Protein chains: 2
Amino acid sequence: MDRAANPGARPTMEDVARRAGVSRALVSLVMRGSPKVSEQRRTAVLRAARELGYRPHVMARSLASRTSTVLGVMVSDLHNPFFAEIVDGLDAVARAEDFELIINTGSRSPARERRALNSLLSFRPAGVALLGPVVSAAEIGLAAQQVPIVLVAARPTRLSNVDIVNDDGEAGAELAVDHLVSLGHNKIVHLDGGGGSQAGTRRRGYLKAMRRHGLEPVVLRSEYTDAAGAKAVRELLAEHDGDLPTALVAANDYNAVGAISALEEAGLRVPEEVSVVGYDNTSLAALRHLSLTTVDQPRTEMGRLAAEALVQRIRGQRSEPVHQLLHPSLVVRSTTAHPPLHPPPQSPTRQPAGKSATAGGTS
Amino acid sequence: MDRAANPGARPTMEDVARRAGVSRALVSLVMRGSPKVSEQRRTAVLRAARELGYRPHVMARSLASRTSTVLGVMVSDLHNPFFAEIVDGLDAVARAEDFELIINTGSRSPARERRALNSLLSFRPAGVALLGPVVSAAEIGLAAQQVPIVLVAARPTRLSNVDIVNDDGEAGAELAVDHLVSLGHNKIVHLDGGGGSQAGTRRRGYLKAMRRHGLEPVVLRSEYTDAAGAKAVRELLAEHDGDLPTALVAANDYNAVGAISALEEAGLRVPEEVSVVGYDNTSLAALRHLSLTTVDQPRTEMGRLAAEALVQRIRGQRSEPVHQLLHPSLVVRSTTAHPPLHPPPQSPTRQPAGKSATAGGTS
DNA sequence: TGGTTTTGTTAGAGCGCTCTATTGGTTAGA
DNA sequence: TCTAACCAATAGAGCGCTCTAACAAAACCA
């Protein structure tokens, strides 16, 4: 009844002003927390606003102020909980710095991702974070001309006007290989992530570490999925019939889980006969049922740094691009052990001696 | 150079109009695909727009038109891939009907969820979908006065002005119990979802089915997490030392996986000694490594129906609330089997009393 | 006391767009 | 030939807000 000339519809600043007996401009000042408002009027305005259920219209606000408090987030794959933790980090900073997050997803398809990005841009956000983008560098570059952009978990790029926050995939893969080598493995195969973001970097790290240890690298093309991991292993088993690897460095955790399934289907036990290392330390890996040895990226931290990079750019505190490379760490769980036939220097955890028969003739 | 009075900044409709030698209104018509524009001018405008890299400003548009093409989506937990599939369904409809999705998350905390909801509302969306909300009914009701709202995967509510799309959790839990009974189980314990959405409904279904079969129900308070499932089982094992159940109906897949881990830690084998049924058929359950028997909700379909409900309301095609209750189905995988010491009559898969829902899935 | 600051408040223009009239310019009908 | 009917195009108001400039009223200083 008191919604004045605006029954039913959402109350506007005008309505609040009328009810509080002040001007629209004063309401605006109160809403933005200006110090130059008398206490008396401030409380009157706040009360009127509360009574009407008024909430400022962000779009109108950003239109009028020519600024935005919106940070756009493009999540390349909502199904992958990996990104959820990055969002956690972004969200924490956004909350602290008074930005709003709007999320959008590209479903791992470049076309949809472009759509999602355009949709985000049409809100004229103050900045945009692309998590695991698969869209072309050219398009990212184009967008970067209009708004600060930070890439997270992205494949390497030559773009000069974007910030980047990645984990050091090369170091991570090296970590995995070093771990396996230290357990006594020397036939270590990498299932790579195909064209996925970070796949190339991890592959490079694997190759580098293998060379460093004087071992012969074998890379199998795969993908960031359960099914692809299983498929790659099945092919591996079919081809390299006699000469099986004793350890696998998988593209990521999903890939690793698929690989483990295929290994077990083939009667190979993990880790007794084959060790498997994942990548990402997703909640999947942590499930005690899987208990996957994996490489952990500081995801929340990555999100936090990404948001901070954006905020700095938005506030004009920095204009050169930054390229953060965070250090991953190895999380050793139960899918890695000493290889069969290669008893380690010291006392092992689980190294069944009777294993030799199996390893001798898997044929 | 030709950006006229607007160098550097994003071109506006005015810029396009100037360049094409027409009025701003005409550009507006072209942008909205009006048929009442001569072909000649249309191409001229489109060319000018292309040359300037013009993209309409959705905020300004929705401000001026007093309409919105934005659908807000509040996802209660981004880490749970369950919701990602609902978003897929929403997204499909949104794309088809020319709406934009903006997503936001509440991280399973009522306070954050309220924040997220308010943030969403401040964009004055045309409609809002709340996926697995934990915020209070009162607040939802308040929001529903301002914008059409659809609840998905929500706990039951008395709210009269919102649409609801749920799976029939009662039927789902019954499906699980019936399946276990048909395998010969009669000591079936339910690990419930505590205060989680749908937890009560599932518990009710479990109780109903147990009673129907003349069995004594046992409900253990738990939660929708891996850890909670494991904890509940550990407590169960500690207390009911002598008289263990032969089957568990878990609150959801995560809970089930935790339960399985705890069982295996205790030396109990699944499914040989204890059968476990999950709920949700998440990607987790499908991993061949877990191969969890579970209840599947048609999630994408739920998302689709939710979006359609919103669109109908937005278009004014309907004003009464709808309450959709979708039928779940059982996916039998490898975590359920006949109970020990109780060899079944024959080898059943289905259960006698022709229940409405089907038994689908693998294996 | 008069002038200068300071403080609190407001009018009014305008952000980029849509939308309702309204305007000329054709064409059709009689 | 005139009017009605249509068509393409446009002027101008206004969506809900911010922001600059201007303005009273109170406070300060000499």
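Residue numbers begin at 1 in each chain, while the letters A, B, ... track the order of the sequences. What you see is a predicted model, and the numbers here were worked out from it, not measured in a lab.
If you take CG of Leu63(A) and P of dC17(D), they are 12 Å apart, rounded to a whole angstrom. In this structure, CE of Met59(A) is placed 14 Å from C1' of dT18(C), rounded to the nearest angstrom. Atom CZ of Arg32(B) and atom C1' of dT20(C) are 12 Å apart (whole Å). Rounded to an integer number of Å, the gap from CZ of Arg61(B) to C1' of dG16(D) is 18 Å. Rounded to whole Å, the distance from CG on Leu26(B) to P on dT23(C) is 18 Å. Computed from coordinates, the Arg124(A) CZ to dC17(D) C1' distance equals 17 Å when rounded to whole Å. Distance Leu29(A) CG to dT18(D) P: 9 Å, rounded to the nearest Å. In this structure, Asp15(B) places its CG atom 8 Å from P of dG16(C), rounding to the nearest Å.
When atom types are taken as modelled, the side chain of Arg42(A) and the backbone of Ser34(A) share a donor-acceptor pair closer than 3.5 angstrom. At distances below 3.5 Å, at least one donor-acceptor pair connects side-chain atoms of Ser68(B) with backbone N or O atoms of Arg124(B). Distance alone, capped at 3.5 Å, is enough to place a donor-acceptor pair between the Arg318(B) side chain and the Glu320(B) backbone. Glu100(B) places no side-chain N or O within 3.5 Å of a backbone atom of Val70(B) that could act as its donor or acceptor partner.
Among the atoms of the strands shown, only primed sugar atoms or phosphate atoms (P, OP1, OP2) are found under 4.0 Å from some heavy atom of Val22(B).
Side-chain contact annotation: His323(A) with Asn166(A), donor-acceptor N/O pair under 3.5 Å absent.
In summary, Arg313(A) and Glu308(A) do not engage in a salt bridge, as defined by a charged side-chain N under 4.0 Å from a carboxylate O.
Projected onto DNA chain D by closest heavy-atom contact, Arg66(A) and Ala60(A) fall at different nucleotides, the more 5' of which corresponds to Ala60(A). Comparing Ala64(A) and Ser65(B) by the nucleotide of DNA chain C whose heavy atom lies nearest to each, the residue mapping closer to the 5' end is Ala64(A).
OP1 or OP2 of dT9(C) has not a single side-chain nitrogen or oxygen of Ser23(A) nearer than 4.0 Å.
Annotation: proximity of residues 34-49 of chain A to DNA chain D (heavy atom, distance under 4.0 Å) is found for no residue.
Applying the 3.5 Å distance criterion, the base of dT18(D) shares a donor-acceptor pair with the side chain of Arg24(A).
Atom CG of residue Asp77(B) and atom CZ of residue Phe83(B) lie 6.5 Å apart, to the nearest 0.5 angstrom.
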